[in-house]
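Beneath this line is the structure, given in structure tokens, with notes to follow.
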Amino acid sequence: MTRDTIYTQPLGDVSGFTFNDRVVKVFPDMIERSVPGYQTIISAIGLLADKFSQTNSHCYDLGCSLGAATYAMRSHIQHQGCRIISVDNSQPMLDGFQKQLKQDKENLIQVDLVCADIRNVEITNASVVVLNFTLQFIPVDDRGPLLKKIYDGLLPGGILILSEKLVYQDPQQHELHIEMHELFKIDNGYSELEVAQKRTSLENVLIPETLVTHKQRLESAGFQSAEVWFQYFNFASLIALK
Ligand code: GEK
């Protein structure tokens, strides 16, 4: 795994974060050292896909990056005729994913890689949909329509797994969680400069919301219920049931 050193040197003017070639090269290390509980969430996505996938249905990994959630689903799904559709709008990410997938000679479940904006992708015949830390990059006004489209494309009994960075209404909780997340990153080897420059680069790019907002939006989209199954500081994952 190539170490993430993107923000080690003072950059002067820190530009907005993009999922470019440089990020792709270090992405597994970056996400592992930046997102508390990332591996636990990926493993659970495999278990949930095993339980909720349905014969001859589609499983979607929206904002798939290098495909960690896709691989977890692929190695767990036991139903016949399932197809995983993995979507990302970063071509460098999909190139990295494709390279890895080609080396995977096992004749497992079919995976279709799609380079597109997830707002423009049709969701059909879906048993499992994964939005693992992707919704936070979608403009806030487009989040409701996207969730409604996912709900409409899910089969009865289908699920959405939604993982997001959160903010808190209570200022004290808000500060505490931000501080604990930064300490988590420092504990994982990032310097204070790296943490500060990454924070600047994500401003206006990653827009986190409260848990209440997410739950209300899921309910408005039609989901029967939505509950947190995992949380580590200000990073949470929910299961929404159709
Ligand atoms: C994982 N799910 O490893 N359409 C398609 N893709 C998008 C869009 C969009 N509109 N906006 C952002 N992305 C992954 C991790 S990373 C999370 C997800 C992070 C893509 C973007 O290119 C990137 O690959 C991904 O969403 C977000 O389980 O880096 O914090």
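Just so you know, ligand 1 is whichever comes first in the structure, and atom 1 is the first atom listed for that ligand.
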*L146 CG to L62 CG distance, which is reported to the nearest 0.5 Å*: 7.0 Å

*Thinking salt bridges, do E194 and K185 make one under a 4.0 Å N-O criterion?*
no

*Provide, to 0.1 Å, the distance between atom 15 (C) of ligand 1 and the closest protein heavy atom, together with that atom's residue and name.*
S65 OG, 3.3 Å

*Should the pair K99-D95 be classified as a salt bridge under the 4.0 Å nitrogen-to-oxygen rule?*
no

*Would you mind listing which atoms of ligand 1 come within a distance below 4.0 Å of any non-hydrogen atom of I138?*
9 (C), 10 (N)

*Applying the side-chain contact (heavy atoms from CB on, under 4.5 Å) test to V130, which of L48, I159, I161 qualifies?*
I161

_Atoms in ligand 1 flagged as close to F133, the criterion being non-hydrogen separation under 4.0 Å_ = 16 (S), 17 (C), 18 (C), 27 (C)

*Looking at atom 12 (C) of ligand 1, what's its closest protein heavy atom, distance included?*
F137 CB, 3.8 Å

*asked:* I need the H76 NE2 to K51 NZ distance, nearest 0.5 Å.
replied: 14.0 Å

*Pull out every atom of ligand 1 sitting under 4.0 Å from any heavy atom of F27, numbered as shown with elements.*
16 (S), 29 (O)

_For atom 29 (O) of ligand 1, what is the closest protein heavy atom, and at what distance to 0.1 Å?_
F19 CE2, 3.2 Å

_Heavy-atom distances under 4.0 Å decide this one: backbone, side chain, both or neither, for V35 against ligand 1?_
neither

*Atom of Y190, atom of D29 and distance for their closest heavy-atom approach*: OH-O, 4.3 Å

*Shortest protein heavy-atom distance from atom 13 (N) of ligand 1, along with the residue and atom involved*: N89 OD1, 3.5 Å

*With a 4.0 Å cut-off, would you call K148 and D152 a salt bridge?*
yes

*asked:* Could you identify the single nearest non-hydrogen protein atom to atom 1 (C) of ligand 1 and state the distance to 0.1 Å?
replied: Y38 OH, 3.4 Å

*Which atoms of ligand 1 have any heavy atom of S90 under 4.0 Å away?*
22 (O)

*Looking at atom 10 (N) of ligand 1, what's its closest protein heavy atom, distance included?*
D117 OD1, 3.1 Å

*Report the nearest protein non-hydrogen atom to atom 28 (O) of ligand 1: residue, atom name, distance rounded to 0.1 Å.*
N132 ND2, 2.9 Å

_ligand 1 atoms in contact with A116 (distance to a heavy atom under 4.0 Å)_ = 4 (N), 5 (C)

*Within-cut-off N or O pair, I118 and ligand 1, under 3.5 Å*: yes

*Should Y71 and L66 be marked as a side chain to side chain contact (heavy atoms under 4.5 Å, CB included) after you check the CA-CA gap, both sets of side-chain angles, and the distance that decides it?*
CA-CA 9 Å; Y71 283 113; L66 294 174; over 6 Å; no

_What I want to know is whether G63 and ligand 1 share at least one N or O pair that is separated by under 3.5 angstrom._
yes

*Do the charged groups of K215 and E227 touch, with an N to O distance under 4.0 Å?*
yes

*Under 4.0 angstrom from ligand 1, any heavy atom of I42?*
yes

*For D61 and ligand 1, does the shortest N/O to N/O distance drop below 3.5 Å?*
no

*Between E209 and R217, is there a side-chain N and carboxylate O pair less than 4.0 Å apart?*
yes

*What class does the angle between the rings of H181 and F184 fall in, given that below 30° is parallel, 30 to 60° is tilted and above 60° is perpendicular?*
parallel

*To which of L131, V23, L202, D88 does the heavy atom nearest atom 24 (O) of ligand 1 belong?*
D88

*How does S34 reach ligand 1, by side chain, by backbone, by both or by neither, if only non-hydrogen atoms under 4.0 Å count?*
neither

*asked:* Less than 6.0 angstrom separating the ring centers of F137 and F19, yes or no?
replied: yes

